[in-house]
Protein chains: 2
Amino acid sequence: MSELLTTNRKEQLLEVAAKLFKQRGYAATSMRDLAAELGIEAASLYHHIKSKEEILETICFDLASKFSNVIAEVNDIYFNAEEKLRTAIKNHVQIITQNTNQSAVFLHEWRNLSEPKLSEFMKLRDAYEKGIRVILKDGMNEDVFDDVDDKFASLTILSTVNWINEWYNPNGKMSTEEIAQKLSDFILGGLRKKMVTDINYKP
Amino acid sequence: MSELLTTNRKEQLLEVAAKLFKQRGYAATSMRDLAAELGIEAASLYHHIKSKEEILETICFDLASKFSNVIAEVNDIYFNAEEKLRTAIKNHVQIITQNTNQSAVFLHEWRNLSEPKLSEFMKLRDAYEKGIRVILKDGMNEDVFDDVDDKFASLTILSTVNWINEWYNPNGKMSTEEIAQKLSDFILGGLRKKMVTDINYKP
DNA sequence: AATTTTGCCTAACACATGTTAGGTTATGTC
DNA sequence: GACATAACCTAACATGTGTTAGGCAAAATT
């Protein structure tokens with residue numbers, strides 16, 4: 001290839017794989033599909049990777065580690081629970097909007113992992129959810145958040161931030177910041193109209 | 001079969017198919033898998049159905065019509081926007097919790113539909129989302145809901161109510177009503193602690 | 001009792017699947 | 001210029017795929 005910007009062929013392979021896995025699903029994407037999209041033969045893929053599942057593993061665990069960093073980072077720097085949650089949401093949204101294909105695979109296709117890796121992956125997922133849950137508990141102790149079922153609330157929050165992936169268009173009008181802002185407001189403020197007497201209202 | 005309660009073999013087939021499609025995904029579930037689960041040979045399935053995709057179509061469109069009914073029903077009976085939204089959420093939750101397998105297929109596996117049916121399905125989905133959106137607009141006009149981006153809000157609401165399917169356990173402690181109640185409160189009230197001066201607060 | 005219908009079977013098809021083996025060519029390094 | 005490595009190729013494998021054809025037995029209908 002005379003292309004200068006071929007960072008790495010393997011990275012390119014993973015990128016294209018993520019795109020196809022998002023579009024058609026992991027199981028419905030064949031190695032020949034993937035190879036054709038790269039302009040090579042199916043057998044040639046095995047110069048770069050060991051197996052089809054290795055591709056899925058790489059994509060899933062790469063993103064899992066990115067999400068793990070969000071929690072670690074947020075807990076290191078910020079102190080106020082609302083600030084923590086807002087920042088976590090912002091970073092989460094950023095990861096999803098900047099890695100739309102990989103995110104879709106991370107969110108939907110991980111079921112296709114097989115057993116040693118599957119459990120490992122689910123543990124990482126649970127750990128992330130627990131991280132969010134701790135922030136919520138802190139917020140309730142600080143009397144910043146309403147007293148709610150924290151398990152229930154954390155799952156609900158994750159659902160809203162993850163659903164972005166379903167409709168977000170990188171070429172659309174909304175910026176990452178704008179999305180994060182609106183989502184945070186929605187999660188924190190709810191929908192019902194209220195007078196401006198929130199205890200922690202900040203203009 | 002001497003079993004009395006075999007409602008219909010086809011219904012049973014669809015039920016088992018939905019279960020497997022949820023567990024392993026549509027593409028990863030073979031007709032032989034499905035047949036084995038029913039205790040018959042793969043070829044025998046074709047006595048009941050025309051093709052694998054027909055199964056997927058049936059499941060997806062059955063549920064789509066259930067969701068359509070929710071909007072129609074709600075718009076016929078209720079007048080207050082908040083009441084409408086609460087009822088829509090309750091009915092939506094009910095459909096998901098009472099049809100866990102089919103819901104999972106409806107939410108995740110519809111991508112595997114092929115072209116005439118795919119577009120048809122997406123239209124139904126969009127119509128449903130639009131139904132929710134109209135309720136939100138009404139609510140804003142009635143000054144019951146905060147002024148928000150209704151497109152954004154409707155997608156966010158759908159994300160939260162759909163995510164139930166990811167963690168809901170029919171044998172768990174939470175009832176449909178309890179889930180619907182909590183979700184409605186969350187969506188309408190948000191997370192931030194506030195004084196009890198909501199314009200439309202009802203104890 | 002005769003006949004249709006229902007539900008399943010075996011056998012087989014044409015094709016798609018992930019993957020391996022072994023060879024060829026371009027690219028970069030000493 | 002020799003050599004190593006990276007990137008790709010063709011050919012083929014074993015197995016899995018959705019589906020069809022044709023037949024058999026029990027149950028339901030007449």
Practice item. Using the ring-ring contact (aromatic ring centres under 6.0 Å, His included) rule, take Phe21(A) and Phe106(A) through it: C-alpha gap first, then chi angles, then the decisive distance, then the call. Key: CA-CA 10 Å; Phe21(A) 289 174; Phe106(A) 174 89; over 10 Å; no

**Study point:** Residues Glu82(A), Arg86(A); criterion salt bridge (Lys or Arg N to Asp or Glu O under 4.0 Å); working and verdict
**Key:** CA-CA 6 Å; Glu82(A) 175 163 347; Arg86(A) 281 204 123 96; 2.8 Å; yes

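Glu129(B) and Arg125(B) are not joined by a salt bridge, as no carboxylate oxygen comes within less than 4.0 angstrom of a charged side-chain nitrogen. Between Glu166(A) and Arg111(B) there is a salt bridge, with a side-chain nitrogen of the basic residue lying less than 4.0 Å from a carboxylate oxygen of the acidic one.
Residues meeting the side-chain hydrogen bond (donor to acceptor under 3.5 Å, both in side chains) test with Glu53(A), sequence neighbours left out: Ser114(A). Looking at residues two or more places apart in sequence or on another chain, you find a ring-ring contact (aromatic ring centres under 6.0 Å, His included) between His108(B) and His108(A). Scanning for ring-ring contact (aromatic ring centres under 6.0 Å, His included) contacts around Tyr168(A) gives an empty result, with sequence neighbours left out.
A pairwise comparison of heavy atoms in Thr100(B) and Asn165(B) identifies O-OD1, 3.1 Å as the closest pair.
Rounded to whole Å, the distance from CD on Glu41(B) to C1' on dG18(D) is 15 Å. Straight-line distance from the CE atom of Met31(A) to the P atom of dG18(C): 7 Å, rounded to whole Å. Between the CG atom of Asn8(A) and the P atom of dC8(D) there is a distance of 11 Å, rounded to whole Å. We find that CG of Leu34(B) is positioned 12 Å from C1' of dG18(D), with the value rounded to whole Å.
A sub-4.0 Å separation between OP1 or OP2 of dA7(D) and a side-chain N or O of Ser44(A) is absent.
A cation-pi geometry, defined here as NZ or CZ lying under 6.0 Å from the six-membered ring centre and within 45° of its normal, does not hold between Lys66(B) and Phe61(B). In this structure, Lys52(B) forms a cation-pi arrangement with Tyr26(B), its terminal cationic atom sitting closer than 6.0 Å to the ring centre and no more than 45° off the ring axis.
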Any N/O pairs under 3.5 Å between the protein and nucleotides 21-26 of chain D? List them or say none.
none

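Of the residues in residues 45-52 of chain B, those with a non-hydrogen atom less than 4.0 angstrom from any atom of DNA chain C are His47(B), His48(B). Within a heavy-atom distance below 4.0 Å of DNA chain C, the residues of residues 15-30 of chain A found are Thr29(A), Ser30(A).
Nearest nucleotide to the side chain of Arg9(A), out of dT19(C), dG18(D), dC8(D): dC8(D).
In terms of modelled atom types and a separation under 3.5 Å, the side chain of Ser44(B) and the main chain of Ile40(B) share no donor-acceptor contact.
Contact of Arg32(B) with dG18(D) (side chain to base): a donor-acceptor pair of N or O atoms is detected under 3.5 Å.
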